[in-house]
Amino acid sequence: MRTPAAPDSARSSRIQVLVVEDDDTIGRHLETGLRGNGYAPAWSRTGAGALAEAARSPYDVLLLDLGLPDMDGLDVARTLRARFPDLLIVILTARTDDIDVIAGLDAGADDYLVKPFSLTVLLARLRAHLRRRAFDSPPQEPIRLGDLVIDITARRCTLHDQEVELRPKEFELLAVLARRAGEAVSRETLMAEVWDENWFGSTKTLDVTMAGLRRRLTDAEQRPYGVAQPYRVPRITTLRGHGYRLEPT
Ligand code: CA
């Protein structure tokens, strides 16, 4: 398996998602929606087809319907979990009984969505899972933006080797923007990636955290570092009605 990471234009390859769904409408909707949001989906209508496809090519994410024509989706989950410990498995189920959800999680699923669900919610869940894995994953190269260095592995932000003190959420907000420097990042994406499941709530917390982050970067920029000014510190541009963009210097 390749190491999953958040969708990112800097990645040379996209996140591979195997959709296992026998319903044509849902399958097509998922395939189109995932492709339109930067993922690389493949679609299998049967459990046996999914097992064959997973053996043929590496996948990062499995979106698995439980009610399949040829076999129980739980068996597909168990088999692929045993073969691919790092695979992110999300069960798509019309079964709303808790017992089925528990069975799914016991079979190795990481998460589940009860049908009908919106594509927006599915995408937000995927981003949250992938982001968590990106933060948990093996060391990543520090990101350099002008004179600012963001070391996600060490959770440190430095300017000319001096620490820029950031609160945990300020750091994560900066990290998400830095990984996509130069790209517009929507408020919804930031809420999903920095605040996980709480993104359904108020986005006021995003404004407060953003204000804090900008203040700390401005303060850091005004310190003397014994090197010639001006320091090259990236700016965060507000995109009205959309979100933010971190400007690469
Ligand atoms: Ca089905």
Side-chain angles (χ1 to χ4, degrees), residues 2-15 38 86 124 126-199 201-249:
R2 292 180 298 103
T3 304
D8 185 340
S9 67
R11 270 168 57 88
S12 55
S13 57
R14 294 184 297 162
I15 292 168
D86 296 333
L126 287 183
R127 283 194 299 266
H129 280 290
L130 294 168
R131 170 198 150 269
R132 209 172 289 127
R133 289 185 175 208
F135 273 97
D136 291 346
S137 68
Q140 303 174 34
E141 287 295 307
I143 301 170
R144 284 175 188 282
L145 294 161
D147 296 323
L148 197 72
V149 176
I150 300 145
D151 186 336
I152 292 172
T153 305
R155 289 190 77 96
R156 289 185 76 202
C157 174
T158 54
L159 180 60
H160 287 299
D161 295 330
Q162 290 196 37
E163 186 105 24
V164 178
E165 299 279 353
L166 296 174
R167 293 203 169 100
K169 290 300 181 196
E170 291 168 350
F171 180 85
E172 290 181 22
L173 188 56
L174 178 62
V176 172
L177 288 169
R179 278 203 292 248
R180 297 175 199 177
E183 293 177 34
V185 183
S186 70
R187 293 175 63 86
E188 178 200 282
T189 297
L190 290 170
M191 288 305 295
E193 299 201 13
V194 178
W195 283 273
D196 292 349
E197 59 273 21
N198 297 328
W199 74 286
S202 161
T203 61
K204 182 117 191 354
T205 183
L206 170 58
D207 298 321
V208 171
T209 307
M210 180 60 76
L213 172 60
R214 281 174 161 154
R215 194 167 52 242
R216 285 164 196 272
L217 290 177
T218 304
D219 288 351
E221 197 178 0
Q222 285 162 2
R223 275 189 243 143
Y225 295 91
V227 293
Q229 289 189 353
Y231 308 126
R232 292 172 305 143
V233 176
R235 303 273 166 236
I236 299 167
T237 302
T238 301
L239 305 170
R240 298 234 169 271
H242 181 75
Y244 299 92
R245 182 179 59 231
L246 191 139
E247 310 291 355
T249 51

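Any value given below was found using the heavy atoms of this structure, including those in side chains, with hydrogens, waters and symmetry copies removed.
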| said: Can you tell me how far apart CD (Glu141) and OG1 (Thr153) are? Round to the nearest 0.5 Å. | reply: 8.5 Å
| query | Would you call Glu163 and Arg156 a salt bridge, using N to O less than 4.0 angstrom? | reply | yes
| field | Check: Ser186 and His242 side chains under 4.5 Å, non-hydrogen atoms | value | yes
| query | To the nearest 0.5 Å, what is the distance between CZ (Phe171) and CD (Glu165)? | reply | 12.0 Å
| request: Check the surroundings of atom CZ in Arg223: do more than 12 heavy atoms from other residues, nucleotides or ligands lie under 6.0 Å from it? | output: yes
| said: Has Arg245 got a side-chain atom pairing as donor or acceptor with Leu239's backbone, closer than 3.5 angstrom? | reply: no
| Side-chain contact, heavy-atom cut-off 4.5 Å: Ile236 with Leu217? | yes
| Roughly how far, to the nearest 0.5 Å, is the SG atom of Cys157 from the CZ atom of Arg216? | 11.0 Å
| Do you know the tightest heavy-atom contact between Ala220 and Leu159? | O-CD2, 3.6 Å
| field | Candidates Leu174, Leu173, Thr205 - the one meeting side-chain contact (heavy atoms from CB on, under 4.5 Å) with Met210 | value | Leu173
| field | Short N-O contact, Glu221 and Arg235, less than 4.0 angstrom | value | yes
| From Thr158 atom OG1 to Arg144 atom CZ, the distance as rounded to the nearest 0.5 Å | 7.5 Å
| said: Could you walk me through whether Arg127 and Val176 satisfy the side chain to side chain contact (heavy atoms under 4.5 Å, CB included) test, starting with their C-alpha distance in whole Å, then the side-chain angles of each, then the deciding distance to 0.1 Å, before giving a yes or no? | reply: CA-CA 11 Å; Arg127 283 194 299 266; Val176 172; over 6 Å; no
| If you take all heavy atoms of Val194 and Glu172, which pair is closest and at what distance? | O-OE1, 3.7 Å
| field | Asp147 side-chain N/O to Val233 backbone N/O, donor-acceptor pair under 3.5 Å | value | no
| message | Nearest 0.5 Å, please: how far is CD1 in Ile143 from CG in Leu177? | response | 10.5 Å
| How many angstroms lie between atom CD1 of Ile150 and atom CG of Leu166, to the nearest 0.5 angstrom? | 9.0 Å
| said: Set out, in order, the CA-CA distance, both residues' side-chain angles and the distance that settles side chain to side chain contact (heavy atoms under 4.5 Å, CB included) for Tyr244 and Leu213, then state yes or no. | reply: CA-CA 13 Å; Tyr244 299 92; Leu213 172 60; over 6 Å; no
| query | Is any side-chain heavy atom of Arg180 closer than 4.5 Å to a side-chain heavy atom of Leu246? | reply | no
